[in-house]
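Just the heavy atoms: all of them, side chains too, but no hydrogens, waters or symmetry mates, feed the values below.
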Amino acid sequence: MTDMEHDINPAAEESTQESGTLSGRIEAILFVAGEPVRVEDLAKALNVSVRAVENEITKLRDEYDFHQRGFTLKRFGHQVQFATRALYAADVVRLLQPVQKQSLTQAAMETLAVVAYKQPVTRAEVEQVRGVKCDYSLQSLMNKELIMEVGRKDTLGRPILYGTTENFLAHFGLTTLEDLPPMPEIPHEEKPEIDVPELIP
C-alpha cells in the first residue's frame, strides 16, 4: 500500500462519493434502475428528505419538458421513472423495433377493469359483475403485479379484498387512479344465476 493510500481519509472519501448535485444523483439512480423507483427509496438512498427529492423531480421534469429532451420523468403514484418522450417514439421504433410486451387477455382486462373501478373488491364481487369465475384472471393479474391483496372484507368468511398496484399505474401510463377515464355505461341485462367457469386462454 502506498503512502498516498495511507493518507486517504475515509470521511473525506465518503464526502466525495456524495458530492455532486442532487439532480445529478437522482438522474444516475433512475438511469441505472431503468424501472420505476419509489420516491421514498430515492430519499433514503440519497440521505435527503422526501420533500427535497420531490422538489428536484419537479425541476428536472420541467427542465426536460422545456428543452424537449428525448426523455422525460414519468410519475406513477409514489414512483418515478425515465421514459422516452412520445414525440420521439417513432424514431426509436425505426431503429430498435422493440418487441411489444405480451398483451393481457380479454378475460384479464375485464377483470382488471372491475378491480380498478370498484376497488377494494372481493373475488365474488368481481365474478358478480363479469358473470363468470375469475380465479385464473385474478391470479394472473397478481403474478403480473397489476393487482394485490389490500385487506379483508369485514363479513362472513372475511374474503380477500383486491386493489390495483403502482405497477398498474405504470403499465397504463397513469399518475393516479383519478386519471382513469369515466367508467362506460353498461346496459343492464338480466342473467340467470348459473355457475359459469372462466375459460383459460
Side-chain angles (χ1 to χ4, degrees), residues 29-30 32-42 44 57 71-86 89 92-93 96-201:
I29 291 177
L30 295 180
V32 173
E35 298 182 350
V37 178
R38 291 181 63 84
V39 173
E40 292 83 354
D41 293 338
L42 277 172
K44 185 176 180 180
I57 287 173
F71 53 88
T72 185
L73 272 176
K74 285 288 187 181
R75 185 70 182 260
F76 312 111
H78 295 286
Q79 300 182 116
V80 289
Q81 178 185 25
F82 275 139
T84 301
R85 188 174 299 279
V92 176
V93 171
L96 303 179
Q97 297 180 344
V99 177
Q100 296 295 320
K101 292 182 179 179
Q102 183 177 3
S103 60
L104 296 172
T105 65
Q106 182 67 24
M109 280 295 295
E110 290 176 3
T111 301
L112 183 56
V114 176
V115 175
Y117 283 101
K118 294 186 175 294
Q119 61 184 305
V121 63
T122 66
R123 176 182 59 79
E125 290 167 342
V126 174
E127 292 175 349
Q128 185 177 16
V129 174
R130 289 200 58 215
V132 297
K133 290 289 187 181
C134 297
D135 304 72
Y136 177 82
S137 287
L138 286 171
Q139 188 57 54
S140 175
L141 294 170
M142 289 272 288
N143 293 341
K144 290 180 171 63
E145 298 184 345
L146 294 175
I147 65 172
M148 63 181 178
E149 296 182 11
V150 296
R152 296 272 180 171
K153 189 167 185 178
D154 190 14
T155 187
L156 183 64
R158 294 184 57 79
I160 296 171
L161 288 167
Y162 295 96
T164 54
T165 66
E166 290 184 334
N167 283 343
F168 163 81
L169 297 176
H171 185 88
F172 291 99
L174 305 173
T175 301
T176 69
L177 290 174
E178 294 177 358
D179 294 333
L180 282 170
M183 190 171 183
E185 292 292 334
I186 302 176
H188 179 71
E189 296 181 6
E190 293 294 334
K191 295 183 179 180
E193 295 293 331
I194 56 175
D195 190 22
V196 183
E198 181 184 30
L199 296 178
I200 298 178

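Across every non-hydrogen atom of Pro36 and Ala170, the tightest pair is CG-CB, 4.3 Å. Scanning all heavy atoms of the two residues, the minimum distance from Pro120 to Val150 falls at CB-CG2, 3.8 Å. Nearest heavy atoms, Asp41 versus Val37: CB-CG1, 4.4 Å. Listed here is the closest heavy atom pair of Lys74 and Ala83: CG-CB, 3.6 Å. Across Glu166 and His78, no two heavy atoms sit closer than the pair OE2-N, 2.9 Å. Closest of all the heavy-atom pairs between Ser137 and Thr111 is CB-OG1, 3.4 Å.
Looking at Phe168 and Leu112, their side chains come closer than 4.5 Å, going by heavy atoms from C-beta outward. Arg75 places none of its side-chain heavy atoms less than 4.5 Å from the side chain of Thr176. For the pair Leu146/Val115, no side-chain contact is recorded, criterion being any heavy-atom separation below 4.5 Å from C-beta on. You'll find the side chain of Tyr162 reaches within 4.5 Å of the side chain of Glu149, heavy atoms only. Contact annotation: the side chain of Val121 never approaches that of Val129 to less than 4.5 Å [non-hydrogen atoms, C-beta and beyond]. In this structure the side chain of Leu169 never reaches within 4.5 angstrom of the side chain of Thr164, judged on heavy atoms. Side-chain contact between Arg130 and Val114: present, with at least one pair of heavy atoms (C-beta onward) separated by less than 4.5 Å.
Within the model, atoms CD1 of Ile147 and CG of Leu141 stand 4.5 Å from one another, a figure rounded to the nearest 0.5 Å. Atom OG1 in Thr105 sits 7.0 Å away from atom OH in Tyr136 (nearest 0.5 Å). To the nearest 0.5 Å, atoms CD (Glu127) and CG (Leu138) are separated by 7.5 Å. Distance CZ/Arg85 to OG1/Thr72: 4.5 Å, rounded to 0.5 Å. Atoms CD and CG, on Glu35 and Leu30 in that order, are 12.0 Å from each other to the nearest 0.5 Å. For the atom pair Tyr117 OH and Leu177 CG, the distance stands at 10.0 Å (nearest 0.5 Å).
Remark: Met142 CE is packed, more than 12 non-hydrogen atoms of other residues, nucleotides or ligands lying under 6.0 Å away. Enclosure of atom CG in Asp154 is not indicated, since only 12 or fewer non-hydrogen atoms of other residues, nucleotides or ligands lie within 6.0 angstrom. Other residues, nucleotides and ligands contribute at most 12 non-hydrogen atoms within 6.0 Å of the CD atom of Glu145.
Judged by distance alone, the side chain of Glu110 and the main-chain N or O of Ala107 form no donor-acceptor pair under 3.5 Å.
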Next on the checklist: Run the side chain to side chain contact (heavy atoms under 4.5 Å, CB included) test on Thr122 and Thr155 for me, step by step, so that the C-alpha distance in whole Å, both residues' side-chain angles and the decisive distance to 0.1 Å come before the verdict.
Outcome noted: CA-CA 11 Å; Thr122 66; Thr155 187; over 6 Å; no

Item to check | Verdict with supporting geometry, Ile160 and Arg123, side chain to side chain contact (heavy atoms under 4.5 Å, CB included) | outcome: CA-CA 7 Å; Ile160 296 171; Arg123 176 182 59 79; over 6 Å; no

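Every ring-ring contact (aromatic ring centres under 6.0 Å, His included) that Phe82 has, sequence neighbours left out, goes to Phe71.
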